[in-house]
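Supplied in structure tokens, the structure appears directly below.
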Amino acid sequence: MRIATWNVNSVRLRLDNTLAWLAERKPDVVCLQEIKCQDDQFPREAFEAAGYNVAVHGQKGFNGVAVLSRLPFDEVTNGLPGDDEDVQSRFIEVVVSRPGGGVVRICGIYLPNGNPPDTEKYPYKLAWMARLKAHIAARLELEEPLIVAGDYNVIPEPEDAAHPEMWVRDALFLPRTRAAFRAIETLGLTDAVRAASDEAGLYTFWDYQAGAWQKNNGIRIDHLLLSPQAADLLTGAGIDKHVRSWEKPSDHVPVWADFDIAA
DNA sequence: ATGGTTGCGGTGCAA
């Protein structure tokens with residue numbers, strides 16, 4: 001089973017790119033972020049025609065997450081628990097049944113950016129991370145294969161940026177952000193890409209501005225974190241960097257992980 | 001040199 005995540009930066013504008021990538025990488029489950037549309041604007045039929053079931057948690061204009069799955073959904077839950085006042089669509093959780101029995105649980109997340117840090121946006125990010133940690137801690141008690149995949153808007157370590165000094169005052173790399181990310185990992189989660197490779201220069205995002213792509217000025221902010229039961233089944237992971245060079249690209253590229261699970 | 005680009009929605013905001 002191959003599970004992927006991709007911040008597409010508008011699913012409607014990126015539909016052709018997304019379908020081309022699905023045909024190439026053939027993931028079984030895909031978490032999409034920044035779909036930037038409401039549920040009824042999501043191009044559901046195009047993905048169904050490509051063989052995917054569709055779960056959408058949209059929002060007008062920005063944010064919005066979705067999950068595509070070749071296997072049918074047993075459960076779909078929209079929204080991250082812990083704040084009834086939070087109206088931003090940044091979290092979706094699904095459960096799919098494995099053909100041989102058992103389940104896989106997948107959370108698709110679009111963690112708040114948090115910039116500028118001297119505004120209310122940064123405490124919102126930290127509070128969201130605290131809610132995510134609490135939710136994952138509860139889910140880990142189920143002792144299931146769990147994959148929490150998405151745009152974390154966190155640069156975990158200096159080697160996850162081409163120029164870490166550019167990010168020291170940025171909400172993606174501030175010490176409190178990195179500490180909150182480590183606190184989530186310390187619950188017992190495995191970073192799939194880092195488990196598969198310790199090489200430097202692995203990035204998932206290149207800004208549209210200032211020729212960041214041409215200069216390979218990238219950062220690694222899209223992650224798949226695995227419960228112990230999922231990590232035990234991990235067989236590989238990768239980043240589809242070449243997608244950033246396609247026409248009309250997203251500023252993020254897909255990240256995927258393979259598991260020894262029949263699909 | 002304090003810039004630059006993209007997307008949504010309809011002009012300023014978010015990233």
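Every chain is numbered from 1, with letters handed out A, B, ... down the list of sequences. These figures come from a predicted structure and were not determined experimentally.
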Distance between the P atoms of B:dG3 and B:dG7, in whole angstroms?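 The same atom, P, in both gives a distance of 22 Å.
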
Remember a base hit wins even if backbone is also touched, and classify A:R90 as base, sugar-phosphate or nothing at under 4.0 Å, heavy atoms.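 Sugar-phosphate, backbone atoms only, no base.
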
Could you tell me whether A:E93 and A:R139 have a side-chain N and a carboxylate O separated by less than 4.0 Å? yes

Between CZ of A:R244 and C1' of B:dT6 the distance, given in whole Å, is 10 Å

Check this one for me: any side-chain N or O of A:K60 less than 4.0 Å away from OP1 or OP2 of B:dC8? no

Rounded to the nearest Å, what distance is computed from the CD atom of residue A:Q41 to the C1' atom of nucleotide B:dC8? 10 Å

Rounded to whole angstroms, how far apart are CD on A:Q38 and P on B:dC8? 13 Å

Rounded to the nearest Å, what distance is computed from the CD atom of residue A:Q209 to the C1' atom of nucleotide B:dC13? 14 Å

When A:P249 and A:E34 are each assigned the nearest nucleotide of DNA chain B, the 5'-most assignment goes to A:P249

Ring centres under 6.0 Å, that's the criterion: do A:W246 and A:H242 meet it?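 Yes - the distance between ring centres of A:W246 and A:H242 falls below the 6.0 Å cut-off.
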
Please give, in whole Å, the distance from B:dT6 C1' to A:W213 CH2? 17 Å

Measure the distance from NZ on A:K215 to P on B:dG4 and round it to the nearest whole Å. 13 Å

Between A:K36 and B:dA15, is there a contact of a side-chain N or O with OP1 or OP2 at under 4.0 Å? no

So A:F181 and A:H223, would you call those rings parallel, tilted or perpendicular, with 30° and 60° as cut-offs?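 It falls in the tilted class, 30° to 60°.
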
When rounded to whole Å, the OH to C1' distance for the pair A:Y208 and B:dT5 reads 8 Å

Sequence neighbours excluded, which residues qualify as salt bridge (Lys or Arg N to Asp or Glu O under 4.0 Å) partners of A:R244?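 Checked A:R244 against salt bridge (Lys or Arg N to Asp or Glu O under 4.0 Å); zero matches.
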
Need one value for A:F205: base, sugar-phosphate or nothing, where a base atom within 4.0 Å counts as base even if backbone is also close, heavy atoms only.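 Nothing: the residue A:F205, judged by heavy atoms under 4.0 Å, touches no strand.
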
Distance-only donor-acceptor check, side chains A:D170 and A:N115, under 3.5 Å: yes

Does A:A210 or A:N113 map to a spot on DNA chain B nearer the 5' end, using the closest nucleotide for each? A:A210

Residues touching DNA chain B, which here means a heavy atom under 4.0 Å, drawn from residues 6-13 of chain A: A:N9, A:S10, A:R12, A:L13

If the plane angle is over 60° it's perpendicular, under 30° parallel, otherwise tilted; pick one for A:F42 and A:F47.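 If you compare the ring of A:F42 with that of A:F47, the planes turn out tilted.
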
Salt bridge or not between A:K215 and A:D207? Use side-chain N to carboxylate O under 4.0 Å.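 Salt bridge absent between A:K215 and A:D207.
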
When the C1' atoms of B:dA1 and B:dG12 are compared, how many Å lie between them, rounded to an integer? 25 Å

Could you state the NZ-P distance from A:K125 to B:dA14, rounded to the nearest angstrom? 15 Å

